[in-house]
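Report on the following structure.
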Amino acid sequence: MVLDAALLEQARARIAAARNIFVLTGAGISAESGVPTFRDALTGLWSRFDPEDLATEAAYRRHPALVWRWYEHRRALVLATRPNPAHYALAALAAQKPVMLVTQNIDGLHQRAGSEHVIELHGNLFANRWLDGCGRCDTVPPVPGEPPHCALCGAMMRPGVVWFGEDLPRVARYRAEHAAETGDVCLVVGTSGLVYPAAALPGMAKEHGAFVIVVNPQVSALDATADLVLTAPAGECLPLLWPQA
Ligand code: APR
């Protein structure tokens, strides 16, 4: 893909002059790592299921072992991937200036690339938590294929991701909004801009005076909000936007 040199230069200058950069990433930044989306992972044994069978609290309460195995499957798929140059470029940027990195991804690839303090709006595949725990929960050694249980109250662990119908984690949402309101450049990478409330953050940033840059090889719903659109895959584009120390 050939990037427009003038647009690239303009984006570089904006980023170089920024004091605080708010970055919002979505599934597209992990595409070049080969991380399958929820739907892409519905292959083989899983192809007969709908997201509602596997990614709601009601489904988990009905069929905990099934849903747990689905998340084990997804964790294994993600563990077989690696961060790509876009993830590494963002980690390098944070060594140069203040970056507030907000992601909709649950794959942990930003952290594996070295980014710290990542604000995860949709949770993380590898961060389980208790469902209806007693507050003193302690795990018994888990039976393979079954969710771990609390030895004291019998509560189950659940995947620490945001399921359909659930609110975003409050602290992450608050921090993401604060990031959107304080960045002077807003860099939006690899998101369709269709899933709210995350999709509202670039508009919020713009209202607070940020210069909005979108990086996406396809047209996205956030192009209308952008001051500048870089039509390119993230792994090719991001390393060109600032020095990769
Ligand atoms: N580089 C940058 N962007 C890319 C690349 C790439 N190499 N490949 C694809 N994209 C773009 C697509 O063009 C699309 O606009 O990434 C975007 C991915 O869109 P979605 O799949 O809708 O992902 P996202 O915006 O993160 O969706 C938000 O929806 O599926 C739920 O919870 C899930 O967090 C996810 C949320």
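Both ligands and their constituent atoms are indexed starting at 1 by order of listing. Start at 1 with the first residue, then count along the sequence.
In this structure a side-chain-to-backbone donor-acceptor pair under 3.5 Å is missing from W130 to H149. N128 contributes no side-chain N or O that, together with a main-chain N or O of M157, makes up a donor-acceptor pair within less than 3.5 Å.
For a threshold of 3.5 Å applied to N or O pairs, the pair formed by T37 and ligand 1 contains no separation below that value. At under 3.5 Å, not a single nitrogen or oxygen of N105, backbone or side chain, sits near a nitrogen or oxygen of ligand 1.
Of all the atoms in ligand 1, the ones that sit under 4.0 Å from a non-hydrogen atom of Q218 are 13 (O). Of all atoms in ligand 1, numbered sequentially from 1 with element shown, those under 4.0 Å from a heavy atom of E32 are 1 (N), 6 (C), 7 (N). Listed by number with element, the atoms of ligand 1 under 4.0 Å from a non-hydrogen atom of G26 are 26 (O). Near P233, meaning under 4.0 Å from any of its heavy atoms, are these atoms of ligand 1: 1 (N), 6 (C), 7 (N). Close contacts between ligand 1 and G190 involve ligand atoms 2 (C), 3 (N), 16 (O), 17 (C), 18 (C) [criterion: under 4.0 Å to a heavy atom]. Less than 4.0 angstrom separates some heavy atom of A31 from each of these atoms of ligand 1: 8 (N). Close approach of ligand 1 to A234 (heavy-atom distance below 4.0 Å) involves ligand atoms 1 (N), 2 (C), 6 (C), 7 (N).
Closest to atom 2 (C) of ligand 1 among all protein heavy atoms lies P217 CD, 3.4 Å. At the shortest separation from atom 15 (O) of ligand 1 among protein heavy atoms lies N216 ND2, 2.9 Å. For atom 10 (N) of ligand 1, the nearest protein heavy atom (residue, atom name, distance) is G28 CA, 3.5 Å. The protein atom (non-hydrogen) at minimum distance from atom 33 (C) of ligand 1 is H122 ND1, 4.3 Å.
The parts of Q104 lying near ligand 1 are both backbone and side chain, judged by heavy-atom distances below 4.0 Å.
Closest heavy-atom approach to atom 36 (C) of ligand 1 within the set V195, T191, L194, D40: this belongs to V195. Evaluated by nearest non-hydrogen atom to atom 19 (O) of ligand 1, the leading choice among S192, A55, A27 is S192.
Under the 4.5 Å side-chain criterion, counting only non-hydrogen atoms from C-beta, Y88 is not in contact with L238. Looking at L101 and I119, their side chains never come closer than 4.5 Å, going by heavy atoms from C-beta outward.
Taking the six-membered ring where tryptophan is involved, the planes of F49 and W46 are tilted, since the angle between them lies from 30° to 60°.
Geometrically, R158 engages W163 in a cation-pi contact defined by less than 6.0 Å to the ring centre and at most 45° from the axis.
Aromatic ring centres of F38 and W70: separated by under 6.0 Å. Separation of the W68 and Y71 ring centroids does not fall under the 6.0 Å cut-off.
With 3.5 Å as the limit, one finds no donor-acceptor pair spanning the side chains of N20 and T182. In summary, the side chains of T25 and T103 do present a donor paired with an acceptor at a separation below 3.5 Å, with no hydrogens or angles considered.
Note that atom 30 (O) of ligand 1 has no protein non-hydrogen atoms nearby, at separations under 4.0 angstrom.
A salt bridge is absent between R48 and D53; no separation between the charged side-chain nitrogens and carboxylate oxygens falls under 4.0 Å.
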